A.B. asks: 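To start, I am sharing the structure in question, which I have written as structure tokens.
The chains referred to below are lettered A, B, ... by the order of the sequence lines, with proteins before strands, and numbering in each begins at 1. These values consider heavy atoms only, across backbone and side chains, with no hydrogens, waters or symmetry-generated copies. Just so we're clear, the structure is a prediction, and the values are computed from it rather than from any experiment.
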There are 2 protein chains.
Amino acid sequence: MSIASASRVLNGIGGSPETTRRVREAAAAVGYVPNAIARSLQSQRTGLIALAVEDIGNPVYVAMMRAIEAVVAESGHQLLVHATGGDVAGETALLRRLAHRYVDGMIISPIRITDVHVEALTASPVPVVVVGQLPEDVPVDNVRADSRTGVALAVDHLVGAGRTRIGFVNGPLDTVPGAARDAGFRAAMARHGLAVDPAMVEVGDFQYAAGRAAAERLLARTDPDAIVCANDLIAVGALHALLVAGRRVPEDVALVGMDDTELAQMSFPQISSVSLGSAERGQLAAGLLLDRIADGTLAPRREHVAPSLAVRASSGSVQ
Amino acid sequence: MSIASASRVLNGIGGSPETTRRVREAAAAVGYVPNAIARSLQSQRTGLIALAVEDIGNPVYVAMMRAIEAVVAESGHQLLVHATGGDVAGETALLRRLAHRYVDGMIISPIRITDVHVEALTASPVPVVVVGQLPEDVPVDNVRADSRTGVALAVDHLVGAGRTRIGFVNGPLDTVPGAARDAGFRAAMARHGLAVDPAMVEVGDFQYAAGRAAAERLLARTDPDAIVCANDLIAVGALHALLVAGRRVPEDVALVGMDDTELAQMSFPQISSVSLGSAERGQLAAGLLLDRIADGTLAPRREHVAPSLAVRASSGSVQ
DNA sequence: TTGTATGCGTTATCAT
DNA sequence: ATGATAACGCATACAA
């Protein structure tokens, strides 16, 4: 019994009935299981696709992941997720290890873009798609949201509802989304002729606890009639702070979050939120990746997804 | 320049200054990146560990993942997460593909255990640790919670606070946790001499929307003074239903969730919740796995984590 | 220190 | 239909 024959039977190519039987018996007897590593070395593919996000605890990434999974499963790939913790070293280490052909491709959504990222991205031996902003000259497939316009949607909505003392709780300014949302907030306020009171702006990280603490600080020193939050985790934290402080939402203070995750709908009252199209971005990113895996010579593409606003009880007329 | 010399330099073993320089230059010029697959075929390890859970959108798995990540990172491994969607075919496909040596080991937390699972588990060529119940005779490392006792903790607490009309919103009874929690609820009620009114029991899946819908059905036909929920997602959904229905929590209806996730603390009022020690279970599972990776001849071990109750506003005295 | 040669477990090519 | 063999890219035992 030759190795070649065994391989053929196990892959369902040819083999006489007798040979097939003998191979199957032997395999069962030995408890044979194919070694996927060896197979991949030969086939130059693993059937695996990786997704690297900062924080898998943030529902926005869960939504993105589900959208990606649906697309890649279609093409017979399996999706693996890695949480980087926003750590630059961790992200690039991932690129170094995984991208060195453990996976057929990867989608990464970094919240910070450093030179190290750019270098690792361009040097990656496997196809990579970035979800998020990327310097213009980096030749990597890329799908981006427009959080600047997204914040403007929120501000426009609040101003239209008669709010003028609008607070803003943001994430770190040294992150790409944090910087974009800050700029978007200031631009939108200016457009409406509203000054940005420094006391009305708070910065934490993109988490619930930070959002709650930031909102508490904000409420301790000023009196907003609306608060825009840089994501839904922050918004839920701010809602908590508002309710604990005895503010009615939306009567006293209107609240708008961002990312339009499940969290916004799970809260009470439900929170208005700017959708940055996370599911759609995931779907597009997966498509770009599969295309590039199929043909590595494609020119880098860049897709955009427009924001939209979901108005709910937290900023709407009293339910 | 021989391949062996290049390999040595790239791995930092030996090499004269001159050779080292030449190798590095050549590598940079060609844009050489090591092929991890080939390296793994040789070294018989990938440095990767996989975690398979049903629903990464459930914070309980996020907590577990973080605990696991902390442990495996210590030993130089990288953690990859796969969401199975509770799908048996998907879970076993994962075992088949990943476990065939793409990873050095895996931790899986199935909510259903079928014969197919058992077979795949025992046949796995790489070390596997199961988080959750497992038939006694399956020789696989295993760490389990005691959700039966956990539900009892919730019921005891509510009865102790004078509640008698206690409702129960559970997940599917054909899942391991669903069945255990149902049994635990009935046993605890019986112990207190309380009858279980069928109208007071609802079943959905372990999600927010199902929890909310189930609580709405329950409230439409009966009038509980307390509700126990089989996990925090359900509890948040039930809280939403209660508030929409105009019930005060905890004055009119006390609420207790399970898993003690971030969600319980993010809600308003904060939700009392039974901790099943998800972080600790993750930590233990990771330890078991690393031990087994180091020594495959170890006898299968079984760890237990005791539940505890975190009392918060949703069932406590009025804040 | 450096080069040669072998093996890791498969698949694929080529004879037979 | 089957068997021998090369190749995938790397690490290492051994010889030089």
A.B. asks: Round to the nearest Å and state the distance from Leu41(A) atom CG to dA12(C) atom C1'.
C.D. replies: 13 Å
A.B. asks: Provide, to the nearest angstrom, the distance between the CD1 atom belonging to Ile3(B) and the P atom belonging to dA13(D).
C.D. replies: 17 Å
A.B. asks: Atom CD1 of Ile13(B) to atom C1' of dC14(D): distance rounded to whole Å?
C.D. replies: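 One finds 15 Å between C1' of dC14(D) and CD1 of Ile13(B), rounded.
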A.B. asks: Please give, in whole Å, the distance from dC10(D) P to Asn11(B) CG?
C.D. replies: 10 Å
A.B. asks: Side-chain N or O of Ser16(B) versus OP1/OP2 of dT2(C): is the shortest distance under 4.0 Å?
C.D. replies: yes
A.B. asks: Would one find a side-chain N or O of Asn35(A) under 4.0 angstrom from OP1 or OP2 of dC8(C)?
C.D. replies: no
A.B. asks: Would you mind reading off the distance between Met1(B) atom CE and dT4(C) atom C1', rounded to a whole angstrom?
C.D. replies: 15 Å
A.B. asks: Find the distance Gln42(A):CD to dG9(D):P and express it as a whole number of Å.
C.D. replies: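 Taking atom P of dG9(D) as the reference, CD of Gln42(A) is at 10 Å.
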A.B. asks: Look at Ser40(B) and dC10(D) and indicate whether a side-chain polar atom (N or O) is within less than 4.0 Å of OP1 or OP2.
C.D. replies: no
A.B. asks: Is there a side-chain polar atom (N or O) of Arg39(A) under 4.0 Å from OP1 or OP2 of dG9(C)?
C.D. replies: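 False: Arg39(A) side-chain N/O out of range (4.0 Å or more) of dG9(C) OP1/OP2.
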A.B. asks: Take Glu18(A) and Val33(B), find for each the nucleotide of DNA chain D with the closest heavy atom, and name the residue whose nucleotide sits nearer the 5' end.
C.D. replies: Glu18(A)
A.B. asks: Using only side-chain N and O atoms of Ser7(A), determine if any of them is under 4.0 Å from OP1 or OP2 of dT11(C).
C.D. replies: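 Answer yes for this pair, as a side-chain N or O of Ser7(A) is under 4.0 Å from OP1 or OP2.
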A.B. asks: Rounded to whole Å, how long is the line connecting atom CD of Gln44(B) with atom C1' of dC10(D)?
C.D. replies: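 Rounded to whole Å, this separation is 12 Å.
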A.B. asks: Between Arg302(A) and Asp141(A), does any side-chain N to carboxylate O distance fall below 4.0 Å?
C.D. replies: no
A.B. asks: What's Thr19(A) touching, base or sugar-phosphate or nothing? Going by heavy atoms closer than 4.0 Å.
C.D. replies: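 Sugar-phosphate: the residue Thr19(A), judged by heavy atoms under 4.0 Å, touches backbone atoms but no base.
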A.B. asks: Can a side chain N or O of Ser5(A) be found less than 4.0 Å away from OP1 or OP2 on dG3(D)?
C.D. replies: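 For Ser5(A), the contact criterion (side-chain N or O under 4.0 Å from OP1 or OP2 of dG3(D)) is met.
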A.B. asks: With a 4.0 Å cut-off, would you call Arg112(B) and Asp87(B) a salt bridge?
C.D. replies: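 Not counted as a salt bridge, because no side-chain N and carboxylate O are separated by less than 4.0 Å.
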A.B. asks: Using only heavy-atom distances, determine whether the side chains of Ser16(A) and Thr19(A) contain a donor-acceptor pair under 3.5 Å.
C.D. replies: yes
A.B. asks: Taking atom P of dT11(C) as reference, at what distance in whole Å does atom CD1 of Ile37(B) sit?
C.D. replies: 14 Å
A.B. asks: Taking the nucleotide of DNA chain C with the closest heavy atom to each, which residue, Ala4(A) or Thr20(B), is nearer the 5' end?
C.D. replies: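 The residue whose closest nucleotide sits nearer the 5' end is Thr20(B).
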A.B. asks: Is Asp55(B) salt-bridged to Arg66(A), cutoff N-O under 4.0 Å?
C.D. replies: yes
A.B. asks: Between Glu25(B) and Arg22(B), does at least one N-O distance fall below 4.0 Å, as a salt bridge requires?
C.D. replies: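 Here Glu25(B) does not pair with Arg22(B) in a salt bridge, since their nearest N and O are not under 4.0 Å apart.
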A.B. asks: For dT11(C) and Arg8(A) - does any side-chain N or O of the residue sit under 4.0 Å from the phosphate oxygens OP1/OP2?
C.D. replies: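 It does not, given that no N or O in the side chain of Arg8(A) lies less than 4.0 Å from OP1 or OP2 of dT11(C).
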